[in-house]
Amino acid sequence: MIVTIDGVAASGKSSVASGVARALQVPYISSGLLYRGATLLGLQAGLDLHDARALLVTLQAQPLRLEPLAEGNRVWHAEQDVTEQLHSTRMDRGVSVVAALPEVRAWVDAQLRALEAPFVAEGRDMGTNVFPQAPAKFYLTASPRIRAERRARERPEDVPAIEAALILRDQLDAAQSAPATDAVVIDTGPLTLEGVIEAILAHLPARVPSA
Ligand SMILES: Nc1ncnc2c1ncn2[C@@H]1O[C@H](COP(=O)(O)OP(=O)(O)O)[C@@H](O)[C@H]1O
Ligand SMILES: Nc1ccn([C@@H]2O[C@H](COP(=O)(O)OP(=O)(O)O)[C@@H](O)[C@H]2O)c(=O)n1
């Protein structure tokens, strides 16, 4: 079984997916980390992030590997764990450029579809494009201000600056960020993190089928 949790930046996808996966005792997959990893490789190689061919050559030369651990996904580039380098405002600025490239999306989708179910997959288009057959789909929303206040706890920038950056990224990501028509949409604004996790678990069977 695959559970998909999509949503806009800082809506709570990773934290909620982690909690749901822990309750179901299955791994969770943060698809955004593969886009972030591709962006890091492009930046480190000094590439123009719009240059899909050069990015693919770099990705294929030394593939990125996503390691879905219960306590959080790790991203490896060859033998180096690059996860800690993937969450920054600079990375946020570049990743939407990379994620707009169809060739990079196809590369990420192939990595994701090679994973063995059951798992929880979070991102923007898990329930629409990558795993449309998933039997349980959720889409998280919250106002830009609420999302900025949450993210401000993790970043040095102030709330207004983070809010503006989130609104811009929402626009840049719009093409791949629509909820699936069969997704349960949850406004996480009024809910605690635990409340969102419980709301999702209430829609799921107590035990997840292995296939
Ligand atoms: N419903 C919620 N209420 C309060 N804080 C939340 C909620 N959901 C997530 N958070 C917090 O908001 C921040 C962003 O959540 P995260 O899971 O990283 O979002 P995303 O993966 O969508 O970017 C984290 O610090 C997380 O703990
Ligand atoms: N399935 C996905 C996941 C991420 N992305 C892109 O990757 C970026 C980073 O995704 P993320 O989930 O790590 O970002 P946050 O929502 O956690 O801020 C997003 O802003 C999108 O540009 C995507 O296009 N499709």
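The model shown is predicted, which means the values in this text are computed figures rather than measured ones. All ligand and atom numbering here is 1-based and tracks the order in the structure. Count residues from 1 along the sequence.
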Which atom pairs, donor and acceptor, lie under 3.5 Å between side-chain atoms of residues 57-67 and protein residues at least two apart or in another chain?
unit_1, atom_1, unit_2, atom_2, d
T58, OG1, A54, O, 3.0
E67, OE1, W76, NE1, 2.7

* Identity and distance of the protein heavy atom lying nearest atom 9 (C) of ligand 1 -> G12 CA, 3.6 Å

* To do: Identify the protein heavy atom lying closest to atom 26 (C) of ligand 1, giving its residue, its atom name and the separation to 0.1 Å.
  => S15 OG, 3.4 Å

* Please work out whether any backbone atom (N, CA, C, O) or any side-chain heavy atom from C-beta onward of R147 is under 4.0 Å from ligand 1, and answer side chain, backbone, both or neither. => neither

* If you measure from each non-hydrogen atom of V196 to ligand 1, which part falls under 4.0 Å: side chain, backbone, both or neither? -> side chain

* Is it the case that more than 12 heavy atoms not belonging to E154 sit under 6.0 Å from its CD atom? -> yes

* To do: Would you indicate whether R155, at its atom CZ, is surrounded by more than 12 heavy atoms from other residues, nucleotides or ligands within a distance under 6.0 Å?
  => yes

* For residues T188 and R150, is any side-chain donor paired with an opposing acceptor at under 3.5 Å? -> yes

* **L140 contact mode with ligand 1 (heavy-atom cut-off under 4.0 Å)** => neither

* Asked: Among all residues two or more places apart in sequence or in another chain, which pass the ring pair (Phe, Tyr, Trp, His ring centres under 6.0 Å) test with F131?
  -> F119

* **Contact residues of ligand 2 (heavy atom under 4.0 Å), by chain and number** => A9, A10, K13, S31, G32, Y35, R36, V95, S96, A99, R105, G123, R124, D125, M126, R151, R169, D173, Q176

* Out of E154, H87, K13, E122, indicate the one that has the non-hydrogen atom closest to atom 22 (O) of ligand 1. => K13

* Structure fact -> If you scan protein heavy atoms around atom 10 (N) of ligand 1, the nearest is R150 CD, 3.9 Å

* Structure fact -> Residue, atom and distance of the protein heavy atom nearest atom 11 (C) of ligand 1 read R153 NH2, 3.8 Å

* I would like to know whether M91 and L40 meet side-chain contact (heavy atoms from CB on, under 4.5 Å); could you show each step before the answer? => CA-CA 7 Å; M91 197 55 66; L40 179 71; 3.7 Å; yes

* **Polar side chain donor-acceptor pair, S18 to R22, under 3.5 angstrom** => yes

* Asked: Has V8 got any heavy atom lying under 4.0 angstrom from an atom of ligand 1?
  -> yes

* Counting each atom of ligand 1 from 1 as listed, which ones have a heavy atom of A10 under 4.0 Å away? -> 19 (O), 20 (P), 22 (O), 23 (O)

* Enclosure of R113 CZ (heavy-atom neighbours >12, cutoff 6.0 Å) -> yes

* Structure fact -> closest protein heavy atom to atom 1 (N) of ligand 1 is L191 O, 2.9 Å

* Asked: Has ligand 1 got any nitrogen or oxygen that is less than 3.5 angstrom from a nitrogen or oxygen of V16?
  -> no

* Taking atom CD of Q133 as the centre, report whether more than 12 heavy atoms of other residues, nucleotides or ligands fall under 6.0 Å from it. => yes

* To do: Say whether, by atom type as modelled, one donor and one acceptor occur between the side chain of D6 and the main chain of G127 under 3.5 angstrom.
  => yes

* Structure fact -> For atom 18 (O) of ligand 1, the closest protein heavy atom turns out to be R151 NH2, 3.2 Å

* Asked: Are I146 and F138 connected in a single hydrophobic cluster, I mean Ile/Leu/Val/Met/Phe/Trp/Tyr linked by side-chain heavy atoms less than 4.5 Å apart?
  -> no

* **Set of ring pair (Phe, Tyr, Trp, His ring centres under 6.0 Å) partners for H87, sequence neighbours left out** => none

* Asked: Purely on distance, is any nitrogen or oxygen of A9 under 3.5 Å from one on ligand 1?
  -> no

* Rounded to the nearest 0.5 Å, how far apart are OG1 of T4 and CG of N129? -> 11.5 Å

* If you measure from each heavy atom of G7 to ligand 1, is any distance below 4.0 Å? -> no

